[in-house]
Amino acid sequence: MRNIAFFLDASLLLDLVGISFFSIFFIFSITLLYIFLDYEKTKSIYEDQKKIAAISSALEIQESENRYFKEIQYLVHDLKTPLFSINTLIEILSIQEENPKKLEYLDKISNSLERCNIMISEILRDTNKNYLKIRKIFDFIFSYLSIHNCIHSIKLCNYCPDSKIKVNKIVFSRAIINLILNSYDAIQNKENANITIKVKDYINFIIISIEDNGIGMSEEVLQQISTNKKFSTKNSSGIGLNFVKTVIEEHDGKLFVSSKKNVGTQFYILLKKGEVNEKK
């Protein structure tokens with residue numbers, strides 16, 4: 001083309017055309033670069049805003065939870081006043097009463113109120129943990145389940161009654177009771193239905209297993225339980241099992257679930273054993 005342009009005496013025109021095309025491609029490249037940089041900047045701003053929104057949302061949730069737990073603590077604390085009044089009235093009635101049967105009933109009411117006071121004190125001091133013997137923990141659990149129908153379906157095999165674990169008695173017991181009641185729901189309308197609780201000592205660990213021969217769960221449900229905190233098999237909030245997981249983790253333990261559809265479900269709790277010389 002250079003020879004043709006020279007022959008036609010059009011070299012200047014060819015140079016102008018070349019410069020024009022170069023200018024067009026240069027401007028086009030600059031424009032693309034500007035668009036790319038602007039896109040990256042916009043993307044970076046979007047990511048930053050997304051992170052800020054996530055942090056803000058997490059803080060709002062945390063603040064809401066803190067406010068919720070504080071309200072619960074205030075409510076629980078306020079329960080102490082009427083309980084104290086009731087206990088005082090029962091003491092007065094006990095002094096005036098001579099009927100042995102009525103005195104027995106008043107004594108049972110007084111004992112129940114004392115247990116309520118213990119629960120309130122433990123809830124208000126939810127970080128309080130003590131070394132307790134396994135036997136005493138399950139005595140406490142079964143005393144609260146004694147009026148529930150599930151008590152007739154439970155078999156306890158405690159192979160280490162004198163071993164100790166460091167727990168908050170009230171909170172930890174509520175978690176175990178929750179699992180037992182879940183198992184009881186699963187064995188409804190089943191023949192030879194039973195719930196077996198086993199407690200075993202493995203050197204430095206205590207393993208508590210709660211097994212039932214109920215309806216069981218599918219692999220999909222087990223996956224949902226593991227990944228979705230609010231998942232429930234009973235169309236509820238799912239807070240029950242989430243509460244159990246939280247309590248076990250707060251006690252430096254681990255919760256494992258195994259289940260098979262129409263065969264049954266097993267919950268396993270792994271906890272560190274208390275020091276041998278640790279006193280209650």
Side-chain angles (χ1 to χ4, degrees), residues 65 68-69 72-73 75-76 112 115-116 118-130 132 134-158 165-188 190 193-199 206-217 221-259 264-271:
E65 289 180 349
Y68 173 72
F69 287 126
I72 289 177
Q73 285 190 321
L75 175 61
V76 172
S112 296
R115 287 163 59 190
C116 289
I118 292 172
M119 288 182 65
I120 289 171
S121 298
E122 291 288 346
I123 291 171
L124 292 175
R125 298 184 294 117
D126 59 6
T127 58
N128 181 50
K129 298 183 181 70
N130 297 299
L132 299 174
I134 302 293
R135 180 179 65 251
K136 289 191 175 293
I137 294 171
F138 276 93
D139 285 346
F140 184 79
I141 290 170
F142 278 87
S143 71
Y144 275 87
L145 290 175
S146 59
I147 59 173
H148 195 284
N149 291 332
C150 70
I151 197 71
H152 305 294
S153 304
I154 301 174
K155 178 183 178 183
L156 174 64
C157 302
N158 187 358
I165 52 177
K166 190 175 184 180
V167 295
N168 178 305
K169 184 171 71 172
I170 301 298
V171 177
F172 184 78
S173 296
R174 298 300 294 177
I176 298 296
I177 290 170
N178 193 294
L179 292 179
I180 292 173
L181 295 180
N182 279 344
S183 291
Y184 182 69
D185 287 339
I187 63 174
Q188 298 297 308
K190 290 275 291 189
N194 62 78
I195 301 169
T196 303
I197 303 173
K198 296 180 182 178
V199 189
I206 297 293
I207 294 181
I208 302 172
S209 66
I210 301 172
E211 307 176 16
D212 66 69
N213 60 345
I215 58 175
M217 293 178 282
V221 172
L222 282 174
Q223 183 66 25
Q224 286 283 353
I225 288 175
S226 301
T227 57
N228 187 352
K229 288 186 176 182
K230 299 196 174 198
F231 179 78
S232 171
T233 58
K234 296 182 287 185
N235 297 319
S236 63
S237 64
I239 194 69
L241 192 55
N242 185 40
F243 167 75
V244 175
K245 288 181 179 179
T246 301
V247 169
I248 301 304
E249 289 171 0
E250 287 175 352
H251 287 78
D252 298 322
K254 293 183 179 179
L255 176 67
F256 302 94
V257 186
S258 175
S259 186
T265 301
Q266 302 84 38
F267 293 97
Y268 300 97
I269 299 172
L270 179 66
L271 294 166

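Counting from 1, the numbers follow the sequence of the chain as shown.
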Close side-chain approach of [X] to [Y], heavy-atom, < 4.5 Å:
{"X": "Tyr268", "Y": "Ile210", "answer": "no"}
{"X": "Phe267", "Y": "Glu211", "answer": "no"}
{"X": "Asn194", "Y": "Ile187", "answer": "no"}
{"X": "Ile197", "Y": "Ser209", "answer": "no"}
{"X": "Thr265", "Y": "Asn182", "answer": "no"}
{"X": "Val167", "Y": "Asn130", "answer": "no"}
{"X": "Asp212", "Y": "Lys190", "answer": "no"}

* Using atom types as modelled and distance alone, determine if a side-chain donor or acceptor of His251 lies under 3.5 Å from a backbone N or O of Asn168. =>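 Side chain of His251 to backbone of Asn168: a pair is present.
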
Provide the closest heavy-atom pair for [X] versus [Y] in the form atom of the first, atom of the second, distance.
{"X": "Ala175", "Y": "Val244", "result": "O-CG2, 3.6 Å"}
{"X": "Phe172", "Y": "Ile248", "result": "CE1-CD1, 4.0 Å"}
{"X": "Ser259", "Y": "Gly264", "result": "OG-O, 3.1 Å"}

Looking at [atom1] of [X] and [atom2] of [Y], how far apart are the two atoms once the value is rounded to the nearest 0.5 Å?
{"X": "Cys157", "Y": "Lys198", "atom1": "SG", "atom2": "NZ", "value": "6.0 Å"}
{"X": "Ile154", "Y": "His148", "atom1": "CD1", "atom2": "NE2", "value": "9.0 Å"}
{"X": "Lys254", "Y": "Lys245", "atom1": "NZ", "atom2": "NZ", "value": "14.0 Å"}
{"X": "Ile195", "Y": "Ile180", "atom1": "CD1", "atom2": "CD1", "value": "7.0 Å"}
{"X": "Lys166", "Y": "Asp252", "atom1": "NZ", "atom2": "CG", "value": "9.0 Å"}
{"X": "Leu145", "Y": "Leu181", "atom1": "CG", "atom2": "CG", "value": "6.0 Å"}

* **Candidates Val199, Ile134, Ile269, Leu132 - the one meeting side-chain contact (heavy atoms from CB on, under 4.5 Å) with Ile165** => Ile134

* Would the number of heavy atoms belonging to other residues, nucleotides or ligands and lying under 6.0 Å from CZ of Arg174 be above 12? ->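 It does not: Arg174 CZ has 12 such atoms or fewer within range.
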
* Run through Phe142, Phe138, Tyr144 and flag the one making a ring-ring contact (aromatic ring centres under 6.0 Å, His included) with Phe140. => Tyr144

